[in-house]
Amino acid sequence: MTKEQFTEQLTERMQELLSSEGYEVSHDVFMKNNDVSRYGIVIQKQGELISPTIYIENYYDDYIHMKLTMDEITNQLLSILHNIREHAEQYDSLAMDFESCQDKIIYRLISTKKNQKILRGIPHIPFLNMSITFAVVCNLSSDGLESLRISNELLEKWDVSVKQLYQLAKENTPRIFPVRIDSLEKIIFSYLGMEREALPISEDQLGKKETPLLLITNESGINGASVLLYEDLIQELAEKYKSNLYILPSSVHEIIVIPGDDIKMLPGLATMVADINKKHVSREEVLADTAFYYDWKEKKFIY
């Protein structure tokens with residue numbers, strides 16, 4: 001059974017189970033970040049604002065490998081729908097007029113090259129080899145982030161400019177998603193459950209004047225690479241270390257910053273980033289296959 005056939009059959013099953021409750025079940029192929037296509041089932045109840053989309057790739061794999069039956073999958077989807085319904089009340093009063101949304105508008109960074117299709121339908125601003133896009137935060141909690149990407153149609157309805165969007169996002173994003181800076185060394189040791197002193201290697205071997213490796217994201221850890229846009233953040237880091245900076249976009253969720261003054265290292269670092277993206281980062285989360293160099297005296301990025 002192909003993925004298309006599986007999606008159609010699952011949609012029909014869900015429609016049979018939910019039609020008596022006033023639901024309309026359909027399916028579509030959705031374009032996600034980096035032009036990744038995902039198959040999804042859309043469940044819409046008449047008269048309601050929200051229409052949950054459930055992506056089915058994992059269910060298809062489980063079905064093909066006989067880990068789940070079609071009945072077990074439909075039961076799981078019904079359970080997901082039930083959970084969505086439990087907190088759907090918060091959307092009943094959700095207003096999408098500009099007045100209600102302007103303090104919730106944020107920006108994100110995505111790859112320009114890998115998102116040509118998406119960028120045609122949304123307002124955006126070029127930044128290096130990336131693009132700044134915009135979204136409205138609907139809900140942010142310990143369970144995650146729910147947001148709505150701002151489209152050209154919504155921007156036209158609001159009758160505002162991309163420049164206005166950027167100015168609002170410039171104020172809102174650092175407030176809603178405060179920056180978080182951690183030592184990569186500290187994170188690794190914490191993951192290993194040990195202190196640096198516990199390593200079977202001396203301080204002299206490690207070196208007393210190590211180059212710091214900084215992992216920078218936001219407090220939620222979601223789309224944290226946008227901290228690269230936070231006003232004065234990169235310049236203040238450069239001034240702190242009195243050095244230019246290498247910036248490695250490890251994913252859309254975070255960046256790695258390393259003080260250093262040899263711009264000749266940039267091509268090698270870019271190759272390393274591209275290789276890591278290819279082998280270890282999911283396609284949807286890749287930000288850029290390059291490294292960046294920040295000149296703190298000229299206050300400019302080079303790539």
Side-chain angles (χ1 to χ4, degrees), residues 28-38 40 53 55 94-140 144-180 216-231 233-234 247-255 273 277 281-290 292 301 303:
D28 205 342
V29 179
F30 297 87
M31 192 65 67
K32 305 299 286 184
N33 191 43
N34 292 341
D35 286 351
V36 173
S37 299
R38 297 189 65 187
T53 299
Y55 299 109
L94 181 64
M96 288 309 297
D97 60 281
F98 181 66
E99 180 90 11
S100 302
C101 291
Q102 56 183 331
D103 64 341
K104 304 171 187 175
I105 294 171
I106 61 168
Y107 51 44
R108 292 170 174 163
L109 277 175
I110 64 173
S111 165
T112 299
K113 182 179 180 180
K114 298 177 186 293
N115 287 283
Q116 290 299 303
K117 293 179 182 178
I118 289 176
L119 290 172
R120 293 190 199 111
I122 62 174
H124 59 278
I125 299 172
F127 177 73
L128 304 176
N129 60 349
M130 300 170 285
S131 291
I132 304 170
T133 65
F134 305 93
V136 177
V137 174
C138 301
N139 184 49
L140 178 63
L145 169 68
E146 296 174 42
S147 62
L148 173 70
R149 184 159 52 196
I150 296 175
S151 64
N152 288 336
E153 289 78 11
L154 184 56
L155 189 68
E156 184 177 353
K157 177 182 177 181
W158 282 348
D159 192 26
V160 298
S161 66
V162 179
K163 183 178 180 180
Q164 286 175 283
L165 279 187
Y166 178 75
Q167 289 302 320
L168 289 168
K170 183 179 177 182
E171 297 174 8
N172 295 334
T173 313
R175 172 178 55 80
I176 299 173
F177 299 99
V179 66
R180 188 179 78 224
I216 308 182
T217 181
N218 57 41
E219 288 292 346
S220 74
I222 302 172
N223 296 113
S226 61
V227 297
L228 193 57
L229 301 170
Y230 288 10
E231 190 171 21
L233 172 64
I234 300 301
I247 299 169
L248 313 183
S250 53
S251 79
V252 295
H253 300 303
E254 70 277 308
I255 59 174
V273 169
N277 284 341
V281 182
S282 70
R283 184 181 163 195
E284 197 171 334
E285 295 185 345
V286 171
L287 177 57
D289 287 331
T290 53
F292 306 105
F301 293 92
Y303 69 99

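Reckoned from all heavy atoms, side chains included, excluding hydrogens, waters and symmetry mates.
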Closest contact, heavy atoms only, Arg180 versus Asn218: NH1-O, 3.4 Å
Run the salt bridge (charged side-chain N to carboxylate O under 4.0 Å, His left out) test on Arg175 and Asp103 for me, step by step, so that the C-alpha distance in whole Å, both residues' side-chain angles and the decisive distance to 0.1 Å come before the verdict. CA-CA 10 Å; Arg175 172 178 55 80; Asp103 64 341; 5.3 Å; no
So which heavy atom on Ser250 is nearest to which on Asn277, and how close? O-OD1, 3.9 Å
Can you list, pair by pair, the side-chain donor-acceptor contacts under 3.5 Å of residues 120-133, counting residues two or more places apart and other chains?
{"unit_1": "His124", "atom_1": "ND1", "unit_2": "Leu119", "atom_2": "O", "d": "3.4"}
{"unit_1": "His124", "atom_1": "ND1", "unit_2": "Ile122", "atom_2": "O", "d": "2.9"}
{"unit_1": "Asn129", "atom_1": "ND2", "unit_2": "Thr290", "atom_2": "OG1", "d": "3.0"}
{"unit_1": "Ser131", "atom_1": "OG", "unit_2": "Thr112", "atom_2": "OG1", "d": "2.7"}

Flag the pair Arg149 / Ile118 as yes when at least one side-chain heavy-atom distance between them is below 4.5 Å, and no otherwise. yes
So, taking the atom named CG in Asp28 and the one named OG in Ser37, what distance separates them when rounded to the nearest 0.5 Å? 10.5 Å
So, Gln164 side chain and Ser161 main chain: donor-acceptor pair closer than 3.5 Å or not? yes
Okay, side chain of Asn115, backbone of Asn33: is any donor-acceptor separation there less than 3.5 Å? no
Heavy-atom closest pair, residues Lys114 and Asp289: NZ-OD2, 3.4 Å
What is the minimum heavy-atom distance between Leu287 and Ala225, and which atoms define it? CD2-CB, 3.5 Å
Considering all heavy atoms of both residues, which atom of Pro249 and which atom of Val273 are nearest to each other, and what is their separation? O-CG1, 4.1 Å
Side chains of Asn223 and Phe177: closer than 4.5 Å at any heavy-atom pair? no
Roughly how far apart are Thr217 OG1 and Glu219 CD, rounded to 0.5 Å? 9.0 Å
Would you give the length of the straight line joining atom OG of Ser226 to atom NE2 of His253, rounded to the nearest 0.5 angstrom? 11.0 Å
Test item: Val160 and Leu155 side chains (from C-beta on) under 4.5 Å apart, heavy atoms: yes
Residues in ring-ring contact (aromatic ring centres under 6.0 Å, His included) with Phe134, at least two apart? none
When rounded to the nearest 0.5 Å, the distance separating CD of Gln102 from CG of Asp97 is 9.0 Å
Using side-chain heavy atoms (C-beta onward) and a distance below 4.5 Å, is Tyr55 in contact with Lys32? yes
Main-chain N/O of Arg283 paired to Asn34 side chain as donor or acceptor, under 3.5 Å: yes
For a 4.5 angstrom cut-off between non-hydrogen side-chain atoms, does Ile234 reach Phe292? no
Could you state the interatomic distance from OG (Ser111) to CD (Gln116), rounded to the nearest 0.5 Å? 8.5 Å
Provide the closest heavy-atom pair for Ile106 versus Arg108 in the form atom of the first, atom of the second, distance. CD1-NE, 4.2 Å
Rounded distance [0.5 Å steps], CD1 in Ile150 versus NZ in Lys157: 12.5 Å
Determine yes or no for a side-chain-to-main-chain donor-acceptor pair under 3.5 angstrom, with Thr173 supplying the side chain and Tyr107 the backbone. yes
